[in-house]
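Read through the structure below, which is laid out as structure tokens, and then see the notes.
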2 protein chains.
Amino acid sequence: MRYSYQYPHPAVTTDCVIFGFDGNRLNVLLIERGIEPYKGQWAFPGGFIRMDETADECARRELREEAGLDDAYMRQFYTFSAVDRDPRERVITIAYYALVQQRQVTGGDDAARAQWFALDQVPRLAFDHDVILRHAIDALRRQIHFEPIGFELLPQQFTMTQLQRLYEAVLAVKFDRRNFSNKMRHLGLLDELDEKSILPNKKEAFLYSFNRENYAEFKERGFRLEF
Amino acid sequence: MRYSYQYPHPAVTTDCVIFGFDGNRLNVLLIERGIEPYKGQWAFPGGFIRMDETADECARRELREEAGLDDAYMRQFYTFSAVDRDPRERVITIAYYALVQQRQVTGGDDAARAQWFALDQVPRLAFDHDVILRHAIDALRRQIHFEPIGFELLPQQFTMTQLQRLYEAVLAVKFDRRNFSNKMRHLGLLDELDEKSILPNKKEAFLYSFNRENYAEFKERGFRLEF
DNA sequence: TGTTAATTGCGTAAATTTTACGCAATTATT
DNA sequence: AATAATTGCGTAAAATTTACGCAATTAACA
């Protein structure tokens with residue numbers, strides 16, 4: 001008991017919902033807790049903020065320490081402050097979601113066990129992390145309308161079908177293959193590459209990459225897919 | 001110095017950007033600080049979170065205490081955590097914006113002085129509140145595409161022109177009067193009332209009100225105005 | 001009181017975008 | 001060799017967006 005204040009202070013943590021895309025479905029990376037409370041249950045990587053780091057830095061550090069992930073796309077989406085969301089003490093958590101290429105991480109490292117779960121197979125989570133997950137999905141869906149966020153989930157080069165599967169997975173809808181392709185190509189967000197893909201069990205297809213020059217403008221002006 | 005912890009805890013506050021609409025422009029309500037730091041400078045109403053209240057409750061309490069506002073529409077939009085954003089100690093603030101009918105509040109009450117400022121006439125603000133304001137405007141613009149948020153800023157009954165002015169003020173664009181009206185009426189979001197308005201210096205016009213039944217669906221599915 | 005300007009209601013034609021498909025060519029599977 | 005899946009390239013119809021016209025009413029002002 002070494003740090004004292006005139007008024008009570010809550011503890012502050014960051015938690016990070018990590019979304020990955022396996023080419024077909026959207027998944028989340030969970031960590032099995034090694035300590036109480038909720039020992040043995042699944043939770044998002046996260047931890048207490050240090051006095052010399054911002055929330056962004058904290059979230060990024062936890063991501064590295066607990067999930068072995070560097071350079072992930074991250075976004076703060078909500079701060080959860082229910083009074084009794086942590087049994088130990090008053091803890092307010094600043095929640096982020098991250099988008100990563102799923103193959104980057106397979107197992108976690110260190111002591112903790114990390115595992116990918118499909119969105120409809122997520123077990124009961126520690127703390128109020130169920131609530132946090134629901135909010136994260138909502139935030140991601142909202143964001144995907146305004147920003148070409150999905151590109152963070154795909155490899156540098158991808159086929160149109162891969163891109164479509166991603167959008168379908170995030171928004172939980174189905175698009176017409178030809179219309180999706182037409183719309184995407186006319187948006188100017190993609191560069192059509194000369195190469196073609198060689199994917200297992202697939203016919204070869206054109207490869208695309210993300211056009212960084214137009215990225216900023218689409219972030220500003222927003223863009224929307226039919227649905 | 002009466003509250004001690006094993007690890008250092010940051011202080012946590014909420015701050016609230018209050019948007020009002022005067023029929024023509026979007027304004028923010030600022031409070032002149034009566035105490036150090038930044039005494040005499042303008043800032044958003046806000047204050048330290050209590051251990052028995054959520055951030056939502058805290059923001060609502062501060063709104064009532066400092067701006068005399070009850071029942072405002074409020075929304076958390078970002079948490080600011082720069083290490084030295086407060087000269088006193090490490091303070092993390094959970095930021096909200098509120099939408100109110102501007103006539104509800106004129107002057108603040110209590111000791112503090114409250115005043116409406118047009119967005120382009122906001123003075124230098126205390127702390128990092130300039131940054132917070134910028135983020136709040138961005139968040140509001142983003143939100144207005146998905147949710148019929150603007151209705152919180154208008155009286156129960158309003159004319160189509162009033163609604164258009166509101167959207168124009170928030171998005172900083174101009175719409176064609178006839179197209180705006182057509183689109184809005186076809187959206188099904190409005191109830192056309194039998195009454196007509198009697199506004200000063202205006203020709204009488206039909207009054208509309210917000211159709212609460214369709215509100216939820218539009219929150220879900222989103223809707224977008226041309227621009 | 002007469003004239004001008006602003007405001008409102010009600011259109012409509014053209015341009016653009018969305019939507020719903022067809023069809024042939026290539027590749028994997030059996 | 002036959003069948004199914006995948007991809008590329010269209011196109012016509014439907015729906016929406018965009019850019020205006022025009023008359024009627026009210027306010028403002030000479």
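Chain letters run A, B, ... following the sequence lines, proteins first, then strands; residues in each count from 1.
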Between Phe44(B) and Phe127(B), does a side chain to side chain contact (heavy atoms under 4.5 Å, CB included) hold up when you go through it step by step?
CA-CA 10 Å; Phe44(B) 302 122; Phe127(B) 303 102; over 6 Å; no

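Nucleotide dG9(C) holds its C1' atom 18 Å from the CE atom of Met184(B), rounded to whole Å. To the nearest angstrom, C1' of dT7(D) lies 15 Å from CG of Leu163(A). Between Gln164(A) atom CD and dT7(D) atom C1' the separation is 12 Å, expressed in whole Å. Between Met160(A) atom CE and dG8(D) atom P the separation is 8 Å, expressed in whole Å. Nucleotide dT17(D) holds its P atom 21 Å from the NZ atom of Lys174(B), rounded to whole Å. Atom C1' of nucleotide dT16(D) and atom CG of Leu187(B) are separated by 12 Å, given to the nearest angstrom. One can place CZ of Phe180(A) at 17 Å from C1' of dC9(D), the figure rounded to the nearest angstrom. Here the C1' atom of nucleotide dT7(C) and the NZ atom of Lys196(B) are 11 Å apart, to the nearest Å.
Map Asn182(A) and Glu204(A) each onto its nearest nucleotide of DNA chain D; the residue landing nearer the 5' end is Glu204(A).
Comparing atom distances between the Arg177(B) side chain and each of dC21(C), dT12(C), dC10(C) picks out dC10(C) as nearest. In the set dT8(C), dC23(C), dT26(C), dT8(C) carries the atom at the smallest distance from any side-chain atom of Lys203(B). Listed nucleotides: dT26(C), dT26(D), dG8(D). Nearest to the side chain of Phe206(A): dG8(D). Among the nucleotides dT7(D), dT12(C), dG21(D), the one closest to any side-chain atom of Lys202(A) is dT7(D). Side chain of Ala205(B), nearest nucleotide from dG22(C), dT8(C), dC22(D): dT8(C). Closest to the side chain of Asn179(A), from the set dA20(C), dT17(D), dT7(C), is dA20(C). With dC22(D), dG10(D), dC21(C) as the candidates, the nucleotide lying closest to the side chain of Asp176(A) is dC21(C).
Exactly one of Glu195(A), Gln156(A), Glu192(A), Met160(A) qualifies for a side chain to side chain contact (heavy atoms under 4.5 Å, CB included) with Leu207(A). That residue is Glu195(A).
Side-chain atoms of Arg185(A) and base atoms of dG8(D) include no donor and acceptor less than 3.5 Å apart.
Residues Glu65(A) and Arg60(A) are not paired through a salt bridge, judged by the lack of any N-O separation under 4.0 Å between the basic side chain and the carboxylate. Electrostatic pairing of Arg142(B) and Glu147(B) does not count as a salt bridge here, judged by no charged N lying under 4.0 Å from a carboxylate O.
Residue contacts shown for Thr161(B) are limited to sugar-phosphate atoms, with no base heavy atom under 4.0 Å away.
An OP1 or OP2 oxygen of dG8(D) is reached within less than 4.0 angstrom by no side-chain nitrogen or oxygen of Ser181(A). For dT18(C), the OP1/OP2 oxygens have a side-chain nitrogen or oxygen of Lys183(A) closer than 4.0 Å.
Between the side chain of Asp128(A) and the backbone N or O of Arg85(A), no donor-acceptor pair lies under 3.5 Å.
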